[in-house]
Amino acid sequence: MSNHQMRIERVAVFAHGAPLVALDATIAGGEVLTVMGPSGVGKSTLLAAITGTLPPGFHMTGRVVLNGVDVTDQPPRARRIGILFQDDLLFPHLSVAGNLAFGLRPGKGNARARRALIDTALDDIGLTGFGDRDPATLSGGQKARVALMRMLLSDPAALLLDEAFSRLDADRRAQIRDLVFTRARQRNLPVLMVTHDAEDARAAGGPVIDLHPPS
Amino acid sequence: MSRNNPMGLRHAPALTVALMLGPVLAGLLGTLAPAFGYFPALGRSGFSLDPFRQLADWPGLGAAMRLSVTTGLAATALSLGLTALILAAWHGTRGFRWMERALSPLLSVPHAAAAFGIAFLIAPSGWIARALSPWATGWNTPPDLLILQDPWGIAMTLGLVVKELPFLLLMSLAALPQLRPQDSLRVAQSLDYGRVRGWMLTVFPRLYGLIRLPVYAVLAYSMTVVDVAIILGPNTPPPLSVQIVRWMNDPDLQLRLPAAAAALVQLGLVAAALLLWRGAEAAIARAGQRLAGLGARGTGDRPWQLAALGAAGLSVLLVLLGLAGLGLWSVAGFWRFPDALPDAITLNTWMRHGGGALPVLATTLLVALWATAIALILTLACLEAERRLGLRMGRLGSLMLYLPLLVPQIAFLPGLQTLALITGADLSLTSVVLAHTVFVIPYVFLSLGDPYRRMDPRFDRVAAALGATDRRSFWHLRLPLMLGPVLTAAAIGIAVSVGQYLPTLLIGAGRIQTLTTEAVALAAGGNRRIIGIYALLQTGTVIAGFALALILPRLIWARRRDMRGAV
């Protein structure tokens, strides 16, 4: 298991030239950094800056360094930064297995070997035999697990959580949160979580940063 | 920014605009030159005002110009007024859902087919006269009445309204949700305003701002339409656009000069009418504000609702009965005048003329599929450039999209033909396809743009985070997600192409025959049985496209629940 680390070096995001949000932090592998703050403070935009998907009209300064490599200028798909949103965003036109296959990196053997990896992944999240199912027929918790596994299969080096648990009901919320944190710790992934829920922050057990609107 | 984009993507918007504007501008130039006497192919290389003098000497000019303006303004005002009335009286009710379902299929009936259908209904020997004869009218022979092709263009206006009403209604329905009309109406009604008055005062002014360009397009189209005018419009003189086509098709090339001058006059008329319309907008807005300031509640909704229902019902009935009449004529045996139905049903007409229609159908499909494919590829490339590179079309871009719909075809297509004559360019199937593409692109873009832009951008971000390239995201994610809207846009593109008359006639130099040009050419002969065949094939082709666009996604995504609704 490699020892991951994500450094957010003086990252500042500007909306049409005006400063919006800034962060300077280092997250060790297996650690969860929680960023809290009222809505509209730019939490999601900060994550978009880190994944390299800022919408037009926004720009950033600072660097994002992953395991010693500066990925700031790399295209989003080459950064290996996984992200989970509050919606599962399973691709509605693909089966459950199709969604996982979309995440699984190429070069993992032939079709049969890939299918075996996907079946193992489904066993792993307690969804044995769900491969051919339509994602629309899954429960909220099951969808969240598929979304997590799809992201893990893409072999990320860091994980971002954008209010990832806020759409789940209280029971499932704790369950899925534990699952995500456990998997991230197993893989020694640095995790950056934005949330407005104090319970999420407590469960993460890591440092917490409060963002305020720029004065 | 991503680095795996094909070079072409960056240039897609410019290429698309060039493909639309190039022919329009070149065509206008090609009209301008001969209008001022420059026509080297005829040995005229100087400039003069002779073409305009020649035009002024044509005794029908005044009436032709007047017809263009009156029918155009009347058709547009009626279509817009009825659209507003239907929405004000019914939008948001269960009855409206039914009206919407009944009216929207009218969009897929080509203009020419709808016009033929109406002609068969209202002609002195048409279905309505037959149904009332002889018991109510005492007619045993068709009366000598000038109902069809009446000198005031009433029949022609009617034919335009039944087609433009569903178009404006659809454009309004696409724009309405962002205005939250139910909220405004609820507020107005809580202040004791009647439904119609409340809607007209609170929703319509904002709606009009959003459908202004489609309304202008309807005005420009209605003033210059040729096929509907040939079928339903007056003959002596015809509306100006029809006279231009007559001159353009005359073997005497000298007549191209007054034709070009008339095309410029026609363009000026459209520009003037648009200005007039714009002025009327301001006047009506002021009157509306004064009305709102009076505070009268206008509670008598019933009569308005009945009038709106009547207008919608009449439009649907006219087109559907017209199509039924066309169908019946195509299989009719002997059919004497006052009889409401033919003596016998026979496939004779289809046997004799159906075979000849097949190559025409093939050409029609070939042109429509090529034009639609080109338009779809360009549209998708523009939308992908927008998504990947952030190259957004601004206000200017959307205005560009409407330009081929605002500049009347009759103003620049003759110029394109003249230009080909001057430069010796060969007018072939390819040029007809390209000419169709000019008019197909705007509709394909307008139809696909909204759903494409509404697609959740987080899907793209998830795919990128999973390591997918832009290319993979497009082919495996965005295109499948957009299958329904893409097929709908394709069906609309095919419908637009199949319905084109002037581009096929003028750019094909009379050598390319589609169902529409053939049907309109048959209009003069008046053989209702053969016209029925062509008009039915024309309508059937368009409807088949829409049916496929509706059915295919349901079949392909039968096992994907979230793909069956709108994505």
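In what follows, chains are A, B, ... by sequence order, proteins preceding strands, each numbered from 1.
When all heavy atoms of A465(B) and G82(A) are compared, the closest pair comes out as CB-CA, 4.4 Å. The two residues L90(A) and F459(B) make their nearest non-hydrogen contact at O-CE2, 3.7 Å. Here the shortest heavy-atom pairing between R461(B) and L47(A) reads NH2-C, 4.1 Å. The two residues D87(A) and R458(B) come nearest to each other via the heavy atoms OD2-NH2, 2.7 Å. When all heavy atoms are compared, the tightest approach of P92(A) to R560(B) is O-CD, 3.2 Å. Between F102(A) and L466(B), the closest heavy-atom pair is CD2-CD1, 3.9 Å.
Highest contact tally toward chain B, considering only L104(A), L89(A), I83(A), is held by L89(A) [criterion: heavy-atom pairs under 4.5 Å]. Ranking G103(A), P56(A), A78(A) against chain B, the residue ahead of the rest is G103(A), based on heavy-atom pairs under 4.5 Å. Per-residue counts of heavy-atom pairs under 4.5 Å with chain B were compared for L94(A), T51(A), D162(A); the largest is that of L94(A). In terms of heavy-atom pairs under 4.5 angstrom with chain B, the leader among P156(A), P106(A), S95(A), P135(A) is S95(A).
In this structure, chain B has a heavy atom under 4.5 Å from the backbone of I81(A), while its side chain stays farther away. With a 4.5 Å cut-off on non-hydrogen atoms, F85(A) touches chain B through its side chain but not through its backbone. In this structure, the portions of R150(A) lying under 4.5 Å from any heavy atom of chain B include both its backbone and its side chain. Heavy atoms of D460(B) lying under 4.5 Å from chain A are absent altogether. In this structure, chain B has heavy atoms under 4.5 Å from both the backbone and the side chain of A48(A).
The 12-atom threshold is not exceeded at CZ of R554(B), counting heavy atoms of other residues, nucleotides or ligands nearer than 6.0 Å. At most 12 heavy atoms of other shown residues, nucleotides or ligands fall within 6.0 angstrom of atom CZ in R112(A). Heavy atoms of other residues, nucleotides or ligands lying less than 6.0 angstrom from CZ of R180(B) number 12 at most. Heavy-atom neighbours of R212(B) CZ from other residues, nucleotides or ligands within 6.0 Å: above the threshold of 12.
Looking at heavy atoms from C-beta onward, R559(B) lies out of side-chain contact with D134(A) at the 4.5 angstrom threshold.
Ring geometry for W557(B) versus H93(A): interplanar angle over 60°, hence perpendicular rather than tilted (30 to 60°).
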